[in-house]
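Beneath this line is the structure, given in structure tokens, with notes to follow.
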There are 2 protein chains.
Amino acid sequence: MTMPVRDMLKEKGISPSYTRQKIYEFLAASTDHPTADDIYRALIRELPTLSKTTVYNVIKLLCEHDLVKPVNMSSSEMRYEVWHEPHSHFRCTVCGTIYDIPPIIPRYDAKRLEGFIIKDEEVNLSGICPICQQESTT
Amino acid sequence: MTMPVRDMLKEKGISPSYTRQKIYEFLAASTDHPTADDIYRALIRELPTLSKTTVYNVIKLLCEHDLVKPVNMSSSEMRYEVWHEPHSHFRCTVCGTIYDIPPIIPRYDAKRLEGFIIKDEEVNLSGICPICQQESTT
DNA sequence: GTCCTTGCAAAGCGTTTGCACAGAA
DNA sequence: TTCTGTGCAAACGCTTTGCAAGGAC
């Protein structure tokens, strides 16, 4: 069912170096939309010579081949996720975590947007996540 | 009908210095969600001693008092708009312009988001704007 | 041999901070 | 006088670029 990462990269025309596999695997296993620095810090143990430059290079490559998608909800740093079935995002304004939530399909009147070619739609919610609510009551 | 900017700032508890009025007025007259640098470059003629620091200071102040809202659709720089009636945004991936479009209200099943306190919802569309379509055909 | 992947160092860019001066109250 | 608004210069954080060394082919 799940294709090995090696083959998945090859299929997209990316030569599956060990570093690239590891970065993709880390992103695929993440649910919290890591930053480039998160990826770097998570893999530096296993890949002691890893550099931030390589992380950025690989992310860029994966994005260009539509294996990874940038998530632009936090203002300062870019976050990333692997492409997966449609979903929306919820950002907690307290802890900054971005959660995947069930897909919200925006309904709009196409006639009022005549002339615009719409290629992507996203719905972003924000507020306070369950964890931060609990912490504020204790 | 429209309150003078002086009074609007005062009402929000902001002392209405000339610089602050000018920056707010520029933002209020803009439809293209300017960056801090856009504001700086637009006003430097009229306010020759203006500095970027002041632009950032004033933007921050206006945001804290809910007169201005940051718009976070372009990845690199922050953009800003004055608060006005609900609307959504369309970003042209060719020219980078962010357009205000009629409000799109996201419909979602609150039960599936139980535990999350939702404070803000936004719908962002992206694609190609009419102007860039025309330019690509000529 | 050539091409590709990696990584160090430096630069780039938007933004923030430290601090000081000048004007307002 | 004290407080507030402004602005220079420097620092900062994230990202990109230049370039070279090592490995794959």
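Numbers restart at 1 for each chain; the letters A, B, ... are given by sequence-line order, proteins then strands. Just the heavy atoms: all of them, side chains too, but no hydrogens, waters or symmetry mates, feed the values below.
With sequence neighbours excluded, no residue forms a side-chain hydrogen bond (donor to acceptor under 3.5 Å, both in side chains) with Q21(B). For E11(B), the side-chain contact (heavy atoms from CB on, under 4.5 Å) criterion is met by M3(B), not counting sequence neighbours. Scanning for side-chain hydrogen bond (donor to acceptor under 3.5 Å, both in side chains) contacts around N72(A) gives an empty result, with sequence neighbours left out. Every residue was checked against the side-chain hydrogen bond (donor to acceptor under 3.5 Å, both in side chains) condition with T97(B), not counting sequence neighbours, and none meets it. S15(A) is linked by a side-chain hydrogen bond (donor to acceptor under 3.5 Å, both in side chains) to R20(A), counting only residues two or more places apart in sequence or in another chain. The side-chain contact (heavy atoms from CB on, under 4.5 Å) search around E77(B) returns T35(B), R79(B), not counting sequence neighbours.
For residues 82-101 of chain B, no residue pair satisfies the salt bridge (Lys or Arg N to Asp or Glu O under 4.0 Å) rule, not counting sequence neighbours.
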What pairs of nitrogen or oxygen atoms, one from the protein and one from nucleotides 20-25 of chain D, lie under 3.5 Å apart?
none

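Residue order along DNA chain C, read from the 5' end via each residue's closest nucleotide, puts Y18(A) first among Y18(A) and M78(B).
Using a 4.0 Å cutoff to heavy atoms of chain B, the contacted part of DNA chain C runs 5' to 3' from dG14(C) to dT17(C).
Contacts of S17(B) with the nucleic acid, taken as non-hydrogen atoms under 4.0 Å apart, involve only primed sugar atoms and P, OP1 or OP2.
For dT15(D), one of the phosphate oxygens OP1 or OP2 lies less than 4.0 angstrom from a side-chain nitrogen or oxygen of Y56(A).
Going from atom CG of N72(A) over to atom P of dC14(D) covers 15 Å, rounded to whole Å. What separates CZ of R79(A) from P of dG13(D) is a distance of 16 Å, to the nearest Å. Whole-Å rounding puts the I59(B) CD1 to dT6(D) P distance at 13 Å. In this structure, CZ of R20(B) is placed 9 Å from C1' of dT6(D), rounded to the nearest angstrom.
A donor-acceptor contact shorter than 3.5 Å links the side chain of H33(B) to the backbone of I98(B).
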With a cut-off of 3.5 Å and sequence neighbours excluded, list every side-chain donor-acceptor pair involving residues 46-54 of chain A.
residue : atom : partner : partner atom : Å
E46(A)  : OE2  : K22(A)  : NZ           : 3.1
S51(A)  : OG   : T53(A)  : N            : 3.4
S51(A)  : OG   : T54(A)  : N            : 3.2
S51(A)  : OG   : T54(A)  : OG1          : 3.2
K52(A)  : NZ   : D37(A)  : OD1          : 3.1

Distance-only donor-acceptor hits, side chain of residues 107-117 of chain A, under 3.5 Å, sequence neighbours excluded:
residue : atom : partner : partner atom : Å
Y108(A) : OH   : E121(A) : OE2          : 2.7
D109(A) : OD1  : K111(A) : N            : 3.1

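Within residues 33-53 of chain A, the residues that have a heavy atom under 4.0 Å from DNA chain C are, in order of number, T49(A), L50(A), S51(A), T53(A).
Heavy atoms only, all atoms of each residue included: I128(A) and F90(A) are closest at N-CZ, 3.6 Å.
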